[in-house]
Amino acid sequence: MKKILFVIDKVELKYFEFNNLVTNFWLIKEFLDRDCEVYITINSNLFLKSDVAWAKCYETFLVNDNIFYKNIKSDKLIEEFDLVMFRADPPVDVDYINATYVFDFVHGVKVVNSPSSIRDFNEKLHSLYFKEYMSESIVTSLLEDIEEFLKIHKKIVLKPLNRCFGAGVMFLYEGDPNTRTIINTLTNSGTTLVMVQKYIEDVKNGDKRVLTLGDKVLNYAVKKLPSSDDFKFNTHSDNFIVETSLSSEEICNFTKVAQRLNSLGIVMAGLDVIDGKIIEVNVTSPCYFIKEINNLYGVNLEKDICNFLLTKALLSV
């Protein structure tokens, strides 16, 4: 019997039961269906005794196709698990970084994604590893650099480097009367780096979520549609998530991305793509839209993911 630990977000722990919009729900449920022992914890429940890594955990269980956990904490040696799924949400702040440090003392256990790799990979900034598949981008804190980039491209998007779910992402067009206010706000008056990208007009038709698993791109993808009051996807609802396809060029290009990510210890990732161009690489707790993909394609994606994690992933320890 395999013993598996999920490091989840504190908000997800609060709303653990019935939350089938969350990727972890489906993976935990599938592992339980396979008679695995599954425990959950959060970053603040990780700790060291001398140089040995532990976690205060809750044991999960299954009732009528829903997952629950026993409200009793138990101390577990992390190295006793066969697999750890490190899937806490951003922001990647000092508490998040400290949690990744705990795993520097874990040996002989497969951790997906590698905490040190997550620590070293900023989802916005390091997407530039794949600049050949991106629109024009810069990372800067300087007002004059951003104004010059805006002058060249006419429409741009500014992104904070350590936030998630589109928080703080702003659209600017040349001549916008709020230009300097927006730039100064996001850069904290020129002291904080941000990513600045050329605006892609096709964003009005949504962005694709391309899923990687190991060194491959999955066949299933979804398109996330913007709401009527925003230029980007911001509502996790069936009304804003539709089926889409990947071109042969996208599969070829993004397979190379998957291979590079996998070599870095990032086994599971979600690429956000507009018009064939990557705008972001999600590595911390990438949403696999399992509920939506299962409904749209008539599959059980969680089974494919767990098959991989229990076979190929464990072989690479």
Side-chain angles (χ1 to χ4, degrees), residues 1-32 34 36-63 66-121 123 162-165 265-268 282-288 305-306 309-310 313-314 317:
M1 179 185 294
K2 298 296 184 186
K3 193 172 177 180
I4 302 168
L5 174 65
F6 276 74
V7 183
I8 64 175
D9 195 74
K10 59 185 178 182
V11 175
E12 188 177 334
L13 178 66
K14 183 178 180 180
Y15 300 104
F16 185 70
E17 294 88 356
F18 313 109
N19 196 356
N20 64 7
L21 292 179
V22 177
T23 297
N24 291 336
F25 171 94
W26 293 93
L27 300 184
I28 291 170
K29 179 178 178 300
E30 179 63 21
F31 282 133
L32 289 171
R34 298 183 187 212
C36 297
E37 283 186 50
V38 184
Y39 291 79
I40 56 174
T41 190
I42 57 176
N43 281 344
S44 58
N45 283 343
L46 303 171
F47 64 102
L48 295 173
K49 291 182 181 178
S50 184
D51 62 345
V52 180
W54 294 75
K56 294 185 182 295
C57 306
Y58 303 97
E59 186 177 2
T60 68
F61 60 97
L62 194 62
V63 177
N66 278 302
I67 57 175
F68 302 85
Y69 67 90
K70 299 176 183 178
N71 195 20
I72 302 171
K73 281 184 186 178
S74 57
D75 291 356
K76 298 291 182 183
L77 183 66
I78 294 177
E79 289 185 2
E80 290 183 352
F81 289 94
D82 298 292
L83 173 68
V84 177
M85 302 295 294
F86 188 79
R87 290 184 53 84
D89 288 340
V92 182
D93 55 16
V94 65
D95 293 325
Y96 197 109
I97 296 296
N98 287 339
T100 70
Y101 289 148
V102 172
F103 281 91
D104 290 346
F105 297 88
V106 175
H107 308 285
V109 180
K110 184 65 178 180
V111 186
V112 177
N113 288 320
S114 161
S116 61
S117 297
I118 292 174
R119 184 172 70 224
D120 293 343
F121 192 103
E123 296 185 324
N162 71 335
R163 299 177 72 180
C164 60
F165 309 124
I266 298 169
V267 176
M268 300 177 68
N282 299 275
V283 303
T284 48
S285 56
C287 179
Y288 269 56
I305 297 171
C306 290
L309 293 170
L310 291 175
L314 289 183
V317 176

Are a donor atom and an acceptor atom from the side chains of Thr284 and Glu123 found within less than 3.5 Å of each other?
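Yes, a side-chain donor-acceptor pair sits under 3.5 Å.
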Walk me through it: do Lys10 and Ser44 pass the test side-chain contact (heavy atoms from CB on, under 4.5 Å)?
CA-CA 9 Å; Lys10 59 185 178 182; Ser44 58; over 6 Å; no
Do [X] and [Y] come close enough that some side-chain heavy atom pair is under 4.5 Å?
X	Y	value
Ile305	Glu30	no
Asn24	Asn19	no
Asn43	Asp95	no
Val112	Met268	yes
Leu310	Arg34	yes

So, does [X] use its side chain to make a donor-acceptor pair with the main chain of [Y] at under 3.5 Å?
X	Y	result
Asp82	Lys3	yes
Glu79	His107	yes
Asn113	Val283	yes

Which heavy atom in [X] sits nearest to a heavy atom in [Y], and how many Å separate them?
X	Y	value
Val7	Val84	CG2-CG1, 4.2 Å
Gly265	Ser117	CA-OG, 3.7 Å
Pro286	Thr23	O-OG1, 3.8 Å
Phe81	Ile4	CD2-C, 3.5 Å
Ala55	Leu46	CB-CD2, 3.8 Å
Tyr101	Phe105	O-CD1, 3.6 Å

Can you tell me how far [atom2] of [Y] sits from [atom1] of [X], rounded to the nearest 0.5 angstrom?
X	Y	atom1	atom2	answer
Ile67	Thr60	CD1	OG1	7.0 Å
Phe16	Asn71	CZ	CG	12.0 Å
Leu27	Arg87	CG	CZ	6.5 Å
Trp26	Asn20	CH2	CG	5.5 Å
Leu32	Asn66	CG	CG	11.5 Å
Ile118	Phe103	CD1	CZ	9.5 Å

List the steps, then state whether side-chain contact (heavy atoms from CB on, under 4.5 Å) holds for Val22 with Tyr15.
CA-CA 10 Å; Val22 177; Tyr15 300 104; over 6 Å; no
Step by step, work out the side-chain contact (heavy atoms from CB on, under 4.5 Å) result for Thr41 and Lys76.
CA-CA 10 Å; Thr41 190; Lys76 298 291 182 183; over 6 Å; no
Cation-pi check, Lys56 onto Phe47 ring (under 6.0 Å, within 45° of axis):
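Yes - Lys56 lies over the ring of Phe47, closer than 6.0 Å to its centre and within 45° of its axis.
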Using a 6.0 Å distance limit plus a 45 degree cone around the ring axis, check whether Lys70 lies over the aromatic ring of Tyr58.
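Geometry flag: not set, cation outside 6.0 Å or 45°.
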Taking the six-membered ring for Trp and the full ring for Phe, Tyr or His, determine whether the centres of Tyr96 and Phe86 are under 6.0 Å apart.
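Close enough - the centres of the two rings lie under 6.0 Å apart.
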Hey, mind stepping through Arg119 and Asp104 against salt bridge (charged side-chain N to carboxylate O under 4.0 Å, His left out) and telling me if it holds?
CA-CA 11 Å; Arg119 184 172 70 224; Asp104 290 346; 3.5 Å; yes
Take Ser285 and Asp9 through the test side-chain contact (heavy atoms from CB on, under 4.5 Å) and record every step on the way to the result.
CA-CA 9 Å; Ser285 56; Asp9 195 74; over 6 Å; no
